[in-house]
Amino acid sequence: MENSNIQKNSQNVDWRTIIVFVSIAFSSQCGGGFASGSTPWSYFFKNTGFYGMLPVVTQPYFCLLMPFAVAAINCFIIYFFMKFAMDFRTFDYGSFLLQYGKRFCGGMLARPMQVVYELNFNWLLIVCMALAYSTSGSALSELTGIPYIITTLIVGAIMLLLCMKGASLVRKNAVFMSAVIFIALVLVHVPNLFFNIGSGRLSLELAQMSGELSAGIGAGEGSYFTYLLIAFVWAYIFSGQNLAGFGAYVNHAQLFSNKKTLRLGVILSVIVNWVFLEMNVVNLASNYSSVYDGWVNGKAVYTILVVQEGVGSGALKTVMLTLLTIAIFFATISTAINYAQGFNDRILNWYQERVKEDPKVSAAKRNKRGAILTFLYICLTWGVSQAGLTSLVSKGLTLASYITLFTLIIPTVINVAIGWNDRD
């Protein structure tokens with residue numbers, strides 16, 4: 001009787017774990033590029049190609065469907081690789097990848113997968129940190145007129161102080177920071193969503209995009225099917241850049257006590273991210289002409305244009321712009337500090353192992369070494385950020401998405417097809 005009660009309790013849904021995981025997943029995926037509208041615009045509307053590998057096209061009303069495609073990919077991949085981590089007790093991405101790769105092709109791909117992911121993750125550490133304060137710098141520049149190089153220096157200095165002093169504070173308040181981002185984006189996007197749909201602006205802009213599609217097909221640039229296929233490719237790329245940092249998700253798999261809680265956690269996290277991405281895309285589509293002009297003229301924070309062209313008077317728009325700036329800044333902080341902390345931990349752990357240093361000595365010197373590494377990391381990523389937000393999104397994160405196809409997407413599909421025994 002007692003054993004049956006224990007087994008019953010072990011299958012109860014742990015809502016506290018779900019809330020924590022949804023908050024972490026939301027703040028991780030809803031970074032600066034997401035909140036600013038730069039990432040959705042680059043992937044769903046006007047991409048800039050990828051070093052000649054993908055054509056530069058307008059993806060018209062397909063943009064409304066693509067957030068759902070992203071959500072479907074994310075839900076499938078995140079659930080199964082976290083389930084794998086629970087079943088095989090692999091909660092760090094190194095052991096996870098080795099175990100993942102050993103199950104097919106005689107294990108010959110396990111080590112290459114791990115090495116490629118290591119390179120990809122280090123690249124991602126640099127690009128995402130640069131993207132983080134590039135977003136805040138772009139928003140500050142567009143709102144104040146201060147040159148981009150100055151605003152990114154200001155943001156970089158703030159990030160340096162927070163990364164050195166505030167890492168533990170941010171990690172302990174993931175739910176609070178997610179709530180701030182959530183509320184701010186709701187107050188910005190929901191009123192504009194109803195305004196854009198109700199006023200007919202969405203229909204007008206979709207008609208314009210449809211006309212561009214027809215003109216492109218008529219000019220021989222491709223067929224309807226070609227445009228749709230390319231749209232789905234960019235939906236995967238958007239999903240791939242989310243999943244490129246899957247090492248964090250693997251670590252969080254140990255939060256869950258049973259598969260029922262895991263399923264609900266993953267599904268709810270994906271739904272929340274899908275809803276916010278969909279609202280973002282609808283509002284961008286409703287202001288397609290204005291955002292396109294901003295894109296041509298070098299602007300990078302397109303949700304500012306959504307607010308400026310949207311609902312309300314000058315005072316209401318000022319409030320919305322303030323809320324949007326807060327959302328972008330908090331999204332930037334949560335991303336930047338987590339990546340800076342990850343950079344420090346990886347370098348310091350590698351150094352300690354390489355020199356065979358006593359753990360007590362390493363612990364005593366960790367803060368000082370971490371401060372030096374943080375300074376170097378900030379300087380490096382500030383230099384990368386000068387490439388501009390649009391370039392970082394379209395080139396930097398897209399490269400990470402391609403690599404994720406080899407290290408995670410295809411192996412997940414293969415492992416699901418092979419199947420494995422569940423573990424309690």
Side-chain angles (χ1 to χ4, degrees), residues 33-34 37-77 189 193 196-243 270-271 273-296 302-303 305-306 309 390-391 393-395 397-402 404-405 409-410 413:
F34 185 115
S38 178
T39 308
W41 175 262
S42 297
Y43 289 165
F44 301 151
F45 292 88
K46 282 287 187 182
N47 68 75
T48 56
F50 184 66
Y51 300 112
M53 295 174 66
L54 289 174
V56 180
V57 298
T58 300
Q59 300 158 23
Y61 42 81
F62 304 143
C63 61
L64 302 182
L65 174 63
M66 291 308 106
F68 180 78
V70 171
I73 295 170
N74 282 357
C75 190
F76 178 85
I77 299 299
H189 281 294
L193 189 72
N196 289 324
I197 295 175
S199 65
R201 293 179 64 174
L202 177 61
S203 299
L204 289 174
E205 296 290 353
L206 287 175
Q208 179 177 335
M209 285 188 273
S210 180
E212 291 184 14
L213 173 67
S214 299
I217 294 174
E221 295 177 2
S223 65
Y224 182 90
F225 177 77
T226 301
Y227 279 87
L228 181 61
L229 180 61
I230 292 172
F232 274 109
V233 169
W234 281 101
Y236 156 71
I237 292 173
F238 189 101
S239 175
Q241 56 95 12
N242 288 157
L243 297 171
V270 169
I271 288 174
N273 282 292
W274 167 58
V275 168
F276 274 86
L277 181 59
E278 191 70 57
M279 287 195 299
N280 202 333
V281 166
V282 169
N283 283 328
L284 288 173
S286 302
N287 294 273
Y288 174 77
S289 300
S290 298
V291 177
Y292 177 79
D293 289 339
W295 175 68
V296 170
Y302 307 121
T303 43
L305 296 172
V306 168
E309 298 290 329
T390 302
S391 295
V393 169
S394 62
K395 301 297 192 295
L397 292 182
T398 302
L399 177 60
S401 299
Y402 278 95
T404 304
L405 185 66
I409 306 294
I410 293 177
V413 173

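Bear in mind that the values here come from a model prediction, so they are computed numbers and not experimental data. Along the sequence shown, residues carry numbers from 1.
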Give a yes-or-no answer on whether the side chains of Thr226 and Ser223 include a donor-acceptor pair shorter than 3.5 Å.
yes
Distance col, row Asp293:CG vs Tyr288:OH, nearest 0.5 angstrom, shows 10.0 Å
Which atom names give the shortest non-hydrogen contact between Asn280 and Pro40, and what distance separates them?
ND2-CG, 4.2 Å
Look at the side chain of Ser214 and the backbone N and O of Ser210, then say whether any donor-acceptor pair between them is shorter than 3.5 Å.
yes
Check whether any side-chain heavy atom of Phe238 lies under 4.5 Å from a side-chain heavy atom of Met66, and answer yes or no.
no
Classify the side-chain pair Gln208/Tyr292 by whether it contains a donor and acceptor separated by less than 3.5 Å.
no
So CG of Leu64 and CG of Leu206: to nearest 0.5 Å the spacing works out to 5.5 Å
Residue pair Glu278 / Phe68: nearest heavy atoms and the distance that separates them:
OE1-N, 4.3 Å
Side-chain heavy-atom pair Phe45, Val291 within 4.5 angstrom cut-off:
no
To the nearest 0.5 Å, atom OH of Tyr227 lies from atom CG of Leu213 at 6.5 Å
Determine whether Asn196 and Glu205 make a side-chain contact, defined as any pair of heavy atoms from C-beta on separated by less than 4.5 Å.
no
Pairing residues for Asn287 by the side-chain hydrogen bond (donor to acceptor under 3.5 Å, both in side chains) criterion, not counting sequence neighbours
Arg201
If you take all heavy atoms of Leu202 and Ala285, which pair is closest and at what distance?
CD1-CB, 3.9 Å
Which atom pair, heavy atoms only, marks the closest approach of Cys63 to Phe44?
CB-O, 3.6 Å
Can you check whether Leu405's main-chain N or O pairs, donor with acceptor, with Tyr236's side chain at less than 3.5 Å?
yes
So, taking the atom named CG in Asn273 and the one named OG in Ser239, what distance separates them when rounded to the nearest 0.5 Å?
11.0 Å
Start with the C-alpha distance between Ile230 and Phe62, add both sets of side-chain angles, then the distance that settles side chain to side chain contact (heavy atoms under 4.5 Å, CB included), and finish with yes or no.
CA-CA 10 Å; Ile230 292 172; Phe62 304 143; over 6 Å; no
Would you mind reporting whether Trp274 and Asn74 have side-chain heavy atoms less than 4.5 Å apart?
no
Closest approach of Ala71 and Val270, non-hydrogen atoms and distance?
O-CG1, 3.3 Å
Which value, rounded to the nearest 0.5 Å, describes the distance between Tyr43 atom OH and Ser38 atom OG?
9.0 Å
Taking side chain as C-beta onward, heavy atoms only, is Asn283 less than 4.5 Å from Thr303?
no
Rounded distance [0.5 Å steps], CD1 in Ile73 versus SG in Cys75
11.5 Å
